[in-house]
Amino acid sequence: MKQFNVPVNYRSPLISAIKKKRRQEDKMKKDFSPTLLDFGPIQIYLARHFGFCYGVENAIDIAFRTIDENPGKRIFLLSEMIHNPQVNGDLKARGVQFLQDTAGKQVVPFESLTSDDVVIIPAFGTTLDIQNKLEAIGISTAQYNTTCPFVEKVWNRSEQIAARQYSVIVHGKPTHEETRATFSHAAFNTPTVVVNDMEETVALSKYIKGEKPAAEFYVEFAGRYSQGFDVEKDLGRLGVVNQTTMLASDTLAIADYLKQVMIDQYNLYPKTIPERFADTRDTLCYATSDNQSAVYGLLKTPADLAIVVGGYNSSNTSHLVELCEAALPTYYISSEEKILSPEEILHFNFHNKTESFTHNFLPSKDPVKVLLTSGASCPDAVVEAVITRLVSFTILRSRLIP
Ligand code: SF4
């Protein structure tokens with residue numbers, strides 16, 4: 001894999017050594033079992049795959065290089081470059097300003113930009129509308145573009161589907177930067193709708209089956225369909241793509257469901273399915289697949305709790321949490337600082353978007369078994385700091401309570 005220039009303070013010598021050893025032992029990436037770090041009173045099982053992915057390293061490399069190459073210039077990021085508070089904080093500390101928040105709300109007006117300014121496109125990519133606005137000001141959107149190649153791959157897949165006259169269904173979080181960008185690129189080529197989950201897919205299917213009046217679609221899916229979308233015509237031939245960081249099983253279920261709806265609606269048989277449904281494989285990126293598979297591998301180990309580290313607006317991290325919390329007590333934290341003491345942890349609930357305290361999160365037993373992983377935008381240094389804090393607290397506790 002290409003080597004990127006990432007600030008050394010994001011790296012962890014311990015985790016780099018573990019990852020290197022696992023890579024050497026399992027070049028084909030077939031082994032998803034975790035690595036055991038046995039510290040006596042605490043045993044930490046580290047997922048086989050976690051942390052910075054190709055797209056994140058690429059974005060960090062370009063962003064810090066952009067700062068070095070443009071002394072004295074105003075440098076803007078369209079929005080958070082990746083969903084990680086440490087990395088975004090470091091970029092802000094180097095003078096980078098954010099034009100929009102993660103939901104797309106304008107923070108710095110485009111009108112205040114000039115052609116002397118530099119704008120970095122984040123790893124999620126951006127919409128054609130924003131791209132055109134920046135180009136009109138005279139700001140290049142190609143020079144400092146950190147759009148992940150795996151996101152571009154989804155855009156290309158949409159284009160291929162569009163070229164065969166299918167409409168595109170995007171499975172993604174509608175307000176997420178990447179989904180907004182993918183929607184924009186797909187909608188440029190073909191009628192497009194975004195669905196967030198299976199519930200919305202079932203709702204969409206009612207229009208395919210003619211069970212609901214077409215007029216209701218425009219209310220129910222307001223803001224989710226491309227301009228000029230014709231419910232009666234544009235739901236007759238479909239293909240599905242997804243935000244690269246969705247839960248693999250969810251996308252698969254959504255694609256299978258829509259396929260079955262089309263089969264039933266149009267009396268299709270295997271040979272005629274492609275007339276109505278483009279059977280595409282999911283468009284998850286390799287990092288999402290590897291990290292989710294590694295969590296399934298991690299969950300085979302009986303443990304007392306799981307800790308997932310990452311930014312609270314990180315889609316890929318929240319899906320790792322979702323998998324873990326279905327199996328055991330799980331704590332979603334953004335850094336080691338959230339582990340306040342051997343008794344108390346402050347953690348994020350991504351369902352209701354709030355942080356709360358849990359007392360006695362470490363059970364009184366010896367050894368305590370902890371599963372540990374992190375999202376694709378979380379520096380390994382943060383995971384190492386979590387390990388250090390967990391170990392120091394459990395060793396301290398074992399000495400205080402003989
Ligand atoms: S999670 Fe996947 S798509 Fe997103 S930046 Fe990383 S490699 Fe690219």
Side-chain angles (χ1 to χ4, degrees), residues 1-6 10-11 19 23 29 47-65 77-88 91 102 120-127 144-159 170-173 175-186 194 240-251 280-295 308-323 350 373-380 382-383:
M1 192 146 117
K2 193 174 161 189
Q3 294 296 309
F4 295 101
N5 194 4
V6 169
Y10 296 152
R11 304 279 192 206
K19 285 183 174 176
R23 261 198 314 272
K29 293 206 290 191
R48 166 72 173 92
H49 298 284
F50 61 93
F52 280 179
C53 58
Y54 181 100
V56 164
E57 295 217 348
N58 179 48
I60 291 174
D61 184 339
I62 295 174
F64 284 99
R65 186 154 33 88
L77 257 160
L78 258 187
S79 63
E80 290 193 357
M81 188 179 64
I82 54 171
H83 287 153
N84 184 269
Q86 288 87 0
V87 176
N88 290 315
L91 289 167
T102 42
I120 304 171
I121 308 296
F124 318 108
T126 192
T127 64
Y144 298 111
N145 185 350
T146 78
T147 306
C148 177
F150 294 97
V151 173
E152 286 175 337
K153 204 170 143 190
V154 181
W155 300 350
N156 294 339
R157 178 76 64 85
S158 312
E159 212 175 311
V170 182
H171 171 218
K173 298 182 177 174
T175 58
H176 190 284
E177 294 98 319
E178 184 192 316
T179 295
R180 283 188 277 126
T182 296
F183 172 76
S184 153
H185 284 259
V194 177
V240 178
V241 299
N242 56 358
Q243 186 184 321
T244 54
T245 51
M246 299 307 274
L247 205 53
S249 51
D250 284 356
T251 297
T280 55
R281 293 219 341 258
D282 68 56
T283 45
L284 296 170
C285 72
Y286 84 95
T288 298
S289 283
D290 286 354
N291 291 354
Q292 288 177 11
S293 300
V295 165
V308 182
V309 195
Y312 294 158
N313 51 357
S314 162
S315 170
N316 78 85
T317 313
S318 67
H319 290 309
L320 303 181
V321 174
E322 204 176 335
L323 295 177
F350 75 92
T373 189
S374 75
S377 48
C378 180
D380 281 350
V382 178
V383 177

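First listed ligand is number 1; within each ligand, the first listed atom is number 1.
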Quick one: does [X]'s side chain have a donor or acceptor within less than 3.5 Å of a partner on [Y]'s backbone?
X      : Y      : answer
Thr373 : Val308 : no
Lys19  : Phe50  : yes
Asn242 : Thr283 : yes
Thr244 : Leu284 : no

Provide the number and element of each atom of ligand 1 under 4.0 Å from a heavy atom of [X].
X      : answer
Cys148 : 3 (S), 5 (S), 7 (S), 8 (Fe)
Thr244 : 3 (S), 4 (Fe)
Gly55  : 5 (S), 7 (S), 8 (Fe)

inquiry  = Is Cys53 close enough to atom 6 (Fe) of ligand 1 that one of its N, O or S atoms comes in under 2.8 Å?
reply    = yes
request  = State whether Cys285 contributes an N/O/S atom found under 2.8 Å from atom 2 (Fe) of ligand 1.
outcome  = yes
ask   = Taking it one step at a time, do Phe52 and Phe4 satisfy side-chain contact (heavy atoms from CB on, under 4.5 Å)?
value = CA-CA 11 Å; Phe52 280 179; Phe4 295 101; over 6 Å; no
